Protein chains: 2
Amino acid sequence: MEEDQLLLENQVCFPIYSVSRLITKAYQPHLDKMGITYPQYLVLMVLWEKDKLPVNSISKQLMLKTNTLSPLLKRMEKMELLERRRSPQDERSVIVELTKKGLKLKNMAKPIPGELVNILLKENIQLSEVIQLKNILNEWIEILSKNNKD
Amino acid sequence: MEEDQLLLENQVCFPIYSVSRLITKAYQPHLDKMGITYPQYLVLMVLWEKDKLPVNSISKQLMLKTNTLSPLLKRMEKMELLERRRSPQDERSVIVELTKKGLKLKNMAKPIPGELVNILLKENIQLSEVIQLKNILNEWIEILSKNNKD
DNA sequence: TAAGTTTATATCGTGCACGACACAAAATTA
DNA sequence: TAATTTTGTGTCGTGCACGATATAAACTTA
């Protein structure tokens, strides 16, 4: 019984890990056109929604620590997608702001989410199933984050 | 409408990506006791189920290419968890076999899956929900792999 | 105000993932 | 059998993730 749980086939964790990588791959061709990676796309989505945010705020939304974000943001600055500058109010804080180039990519990105959903719909996946999955996952995020206090 | 889809909050992909990382973190303390990482744990699970497999077979089961697996397996060989040796039948093929140390870890690993499930049950997540999630994800794996022919 | 603490960001080292490419053994075809 | 293609594994370079640690600014407290 405990034995069965050690079968790859019976684990939930492994499918999550696999689907996560497969989705990144599904995004790849679209992101390639924009010359960005999936984590960079996530940063852009945050900033498209609300610009001029401190690293801190991006960190919380994406649940990525600054030791991951700092180099990522630096790369994006080198690509001229955004600019980083110390806040005058609080010299510890770094404010991230999109450049025109970074803002412009939003138009290219608009069709992307729909195209992934189309792949699923084409295979007779119900939209309700997508919503349901999203709800379950968000519930899990809450629980697993709690168990992992930052 | 297309605009809304670009909100982080409305994406399914982001929660999958987050939960995947959170689960790895939840496993971490247990894996630390064994001195291994999550991908290494996955390799062990494959070999605990059936030992003496070519890299190829592990690659397919974990959906990881050999350029990821080769260094991973080499690290595990250095840790004396497994041994790699060319197949006499087909000199191209490398057979991976667990050492005693690698086999022994199975006992330590047995309680792990149950403990993660316990975290969820403690928060009133139904076991049926876990099964349901697993089924949806396996369906998606099938679809997304098809769209991404190796 | 001086000393200690917290906060915001960053550096460093390690281990995945993966695309591009290399290479030898095996299989196929001419 | 010789030439070509396929197969199985590997190296290399890049970009995450993340634990441990560093550092300076801001805040708290004595």
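Quick caveat, the model's predicted, so the values are computed rather than measured.
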query: Can you name the closest pair of heavy atoms from B/E97 and B/D51 and give their distance?
result: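 That closest heavy-atom pairing would be CA-OD1, 3.4 Å.
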
Minimum heavy-atom distance B/G102-B/W48, with the two atoms named: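 Shortest heavy-atom contact: O-NE1, 3.0 Å.
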
Carboxylate-amine/guanidinium proximity below 4.0 Å for B/E80 and B/K100: no

When the distance from [atom1] of [X] to [atom2] of [N] is rounded to whole Å, what number comes out?
{"X": "A/L31", "N": "C/dG19", "atom1": "CG", "atom2": "P", "answer": "13 Å"}
{"X": "B/I23", "N": "C/dC16", "atom1": "CD1", "atom2": "C1'", "answer": "17 Å"}
{"X": "A/I36", "N": "D/dT14", "atom1": "CD1", "atom2": "C1'", "answer": "16 Å"}
{"X": "B/D32", "N": "C/dG15", "atom1": "CG", "atom2": "C1'", "answer": "13 Å"}
{"X": "B/E91", "N": "C/dC23", "atom1": "CD", "atom2": "C1'", "answer": "14 Å"}
{"X": "A/F14", "N": "C/dA17", "atom1": "CZ", "atom2": "C1'", "answer": "14 Å"}
{"X": "B/R75", "N": "C/dA17", "atom1": "CZ", "atom2": "C1'", "answer": "11 Å"}

field: side chain to side chain donor-acceptor pair (under 3.5 Å) partners for B/E83, two or more places apart
entry: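 Expected list: none.
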
Is the phosphate of [N], meaning OP1 or OP2, less than 4.0 Å from a side-chain N or O of [X]?
{"X": "A/K65", "N": "D/dA17", "result": "no"}
{"X": "B/Y17", "N": "D/dA17", "result": "yes"}
{"X": "B/Q89", "N": "C/dA26", "result": "no"}

Residue met sooner reading DNA chain D from 5', once B/Q28 and A/L72 are mapped to nucleotides: A/L72

Where protein sits on nucleotides 4-12 of chain C, one letter per nucleotide: B base, S sugar-phosphate only, - none, heavy atoms under 4.0 Å: ---BSBBB-

query: side-chain contact (heavy atoms from CB on, under 4.5 Å) between B/E77 and B/T99: does it pass, once the steps are laid out?
result: CA-CA 9 Å; B/E77 189 174 36; B/T99 60; over 6 Å; no

- prompt: Between C/dC18, D/dG15, C/dA25, which nucleotide gets closest to the side-chain atoms of B/L64?
  reply: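 In terms of side-chain proximity for B/L64, the closest of C/dC18, D/dG15, C/dA25 is C/dC18.
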
I'd like a table of donor-acceptor pairs (distance under 3.5 Å, sequence neighbours excluded) in which one partner is a side-chain atom from residues 124-138 of chain B, with atom names and distances.
{"residue": "B/E129", "atom": "OE2", "partner": "A/W140", "partner atom": "NE1", "Å": "3.2"}
{"residue": "B/N135", "atom": "ND2", "partner": "B/I131", "partner atom": "O", "Å": "3.4"}
{"residue": "B/N138", "atom": "ND2", "partner": "B/K134", "partner atom": "O", "Å": "3.2"}

Same cluster (ILVMFWY, side-chain, under 4.5 Å), A/L69 and A/I95: no

